[in-house]
J.: 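One structure coming up, written as structure tokens, with questions to follow.
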Protein chains: 2
Amino acid sequence: MAVFLSSFVNKIDKKGRVSVPASFRAALGQDATGIVVFRSLQYEALDGCSIAHLELLSESLEKLDLPPETFELIETTIFGGSVQVPFDGEGRVVLPSSLTEAVGITSEIAFVGRRKTFQLWDPAKLATHEETARGQARAKDISLSKIIAAASGKLDGRL
Amino acid sequence: MAVFLSSFVNKIDKKGRVSVPASFRAALGQDATGIVVFRSLQYEALDGCSIAHLELLSESLEKLDLPPETFELIETTIFGGSVQVPFDGEGRVVLPSSLTEAVGITSEIAFVGRRKTFQLWDPAKLATHEETARGQARAKDISLSKIIAAASGKLDGRL
DNA sequence: TGGTATCCCATAAGAGCCCATGATTTGAAC
DNA sequence: GTTCAAATCATGGGCTCTTATGGGATACCA
């Protein structure tokens with residue numbers, strides 16, 4: 001199972017190619033021929049993962065007893081909207097401009113590891129998003145020490 | 001479980017390397033290949049911990065019934081913003097300049113042990129922060145003798 | 001036929017690895 | 001308590017390899 005950690009910012013070149021960070025390619029494994037990318041449902045970003053992970057997700061979802069409308073929404077947004085993009089020989093991909101334009105990616109891409117998946121952002125939008133999230137966390141009085149306390153069973157597991 | 005105590009100030013060299021204090025590396029254990037670093041939510045500093053601790057935290061939080069927005073804020077700020085940095089052969093790390101610049105770290109780093117985690121500060125900002133904290137502790141009438149009393153069950157565990 | 005995808009190659013920067021040295025700490029001997 | 005040697009730690013530098021970046025040629029497709 002691929003685990004994506006840390007964040008990287010890489011350039012998009014004149015041919016529309018961008019290097020997938022070496023540690024992400026390592027996480028994907030030597031057999032990986034590419035990645036899967038689709039619009040994020042929550043953010044102005046793309047979500048990415050390994051091909052195998054999307055297939056596993058698909059199988060898992062079929063076993064759930066989801067309402068048909070919910071299943072149909074997932075089918076349309078994630079599976080219908082996903083694009084499989086192959087690596088070139090140097091570990092680069094060319095992302096469809098329909099996806100990158102939709103989320104404001106122009107000349108650089110921020111790869112944000114989210115363990116099982118990763119996100120792709122325009123770096124400026126990511127910075128704004130992170131500052132907003134930090135402000136919201138502070139407003140909710142979330143701190144690292146409280147997170148650790150909650151994880152340890154203190155605070156009745158609440159935050 | 002790593003326990004980080006004391007504070008140290010080390011230099012950043014021309015190649016951007018800084019020695020992780022030997023006692024912190026000892027706390028991390030011989031198997032440790034690096035550390036994890038992310039922006040502090042509360043302070044103009046970075047938070048750091050062992051890779052294992054962050055993974056444990058992640059697993060623990062998934063088991064809690066946190067409100068989805070709270071979970072997502074934590075996911076974005078701490079997990080999404082964390083960077084795994086490896087040790088070199090001499091116990092040094094190279095911190096991403098995106099993190100060090102965000103908190104004003106330039107030529108020296110103060111490592112501040114916080115038992116399960118540690119903080120990374122620009123030394124001048126740390127000095128200011130500590131003075132502020134001392135003033136606040138005095139205003140709350142906190143003293144070492146009262147801390148010891150509270151820890152011993154006196155004062156009904158209150159401070 | 002033009003545009004683009006694919007494949008191949010080259011290069012610079014920096015990450016990673018290895019080694020050395022001076023400063024500081026620690027412990028033993030007196 | 002002092003001195004000295006050994007061990008440890010922080011600091012510095014050099015070399016090699018990997019990675020990200022850039023470009024050209026060819027094949028394919030609309």
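A, B, ... follow the sequence lines: proteins, then strands. Residue 1 opens every chain. Heavy atoms only: backbone and side chains are in, while hydrogens, waters and symmetry mates are out.
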J.: Could you tell me how far apart A:D88 (CG) and D:dG24 (P) are, to the nearest whole angstrom?
T.: 17 Å
J.: Are A:E108 and A:K125 ion-paired here, with the side-chain N under 4.0 Å from a carboxylate O?
T.: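 Salt bridge between A:E108 and A:K125, a charged N being under 4.0 Å from a carboxylate O: no.
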J.: Name the closest nucleotide to the A:P86 side chain, picking from D:dG13, C:dT6, D:dG24.
T.: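 Nearest nucleotide to the side chain: C:dT6.
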J.: When you look at A:L73 and A:T70, which way does the side-chain contact (heavy atoms from CB on, under 4.5 Å) test go after all the steps?
T.: CA-CA 5 Å; A:L73 286 175; A:T70 303; 5.7 Å; no
J.: Quick one: is C:dG14 close enough that its OP1 or OP2 comes under 4.0 Å of any side-chain N or O from B:K15?
T.: no
J.: Expressed in angstrom and rounded to an integer, what is the separation of B:D13 atom CG from C:dG22 atom C1'?
T.: 16 Å
J.: Is it the case that over 12 heavy atoms from other parts of the model lie below 6.0 angstrom from the CZ atom of A:R138?
T.: yes
J.: I need the CZ-C1' distance between A:F87 and C:dA5, as an integer number of Å.
T.: 17 Å
J.: Between side-chain atoms of residues 14-39 of chain B and protein atoms elsewhere (two or more places apart, or another chain), which donor-acceptor pairs fall under 3.5 Å?
T.:
{"unit_1": "B:R17", "atom_1": "NE", "unit_2": "B:D13", "atom_2": "OD2", "d": "2.9"}
{"unit_1": "B:R17", "atom_1": "NH2", "unit_2": "B:D13", "atom_2": "OD2", "d": "2.9"}
{"unit_1": "B:R25", "atom_1": "NH1", "unit_2": "B:V20", "atom_2": "O", "d": "2.5"}

J.: Rounded to whole Å, please give me the gap between CZ in A:R17 and P in C:dC9.
T.: 15 Å
J.: With no angle test and no hydrogens, is the base of C:dG16 tied to the side chain of B:R92 by a donor-acceptor pair under 3.5 Å?
T.: no
J.: Do any N or O atoms of the protein come closer than 3.5 Å to N or O atoms of nucleotides 16-20 of chain D, and which pairs are they?
T.:
{"unit_1": "D:dA20", "atom_1": "OP1", "unit_2": "A:A22", "atom_2": "N", "d": "3.2"}
{"unit_1": "D:dA20", "atom_1": "OP2", "unit_2": "A:A22", "atom_2": "N", "d": "3.4"}
{"unit_1": "D:dA20", "atom_1": "OP2", "unit_2": "A:R25", "atom_2": "NH1", "d": "3.3"}

J.: Whole Å only: how far is the CG atom of B:L95 from the C1' atom of C:dG14?
T.: 16 Å
J.: Please work out whether the ring planes of A:W121 and A:Y43 are parallel, tilted or perpendicular, with thresholds of 30° and 60°.
T.: tilted
J.: How many Å lie between CD on B:Q84 and C1' on C:dA15, as a whole number?
T.: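 About 15 Å, once rounded to whole Å.
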J.: Are B:I109 and B:L46 close enough that some pair of their side-chain heavy atoms sits under 4.5 Å apart?
T.: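 Contact flag for B:I109/B:L46 side chains = no.
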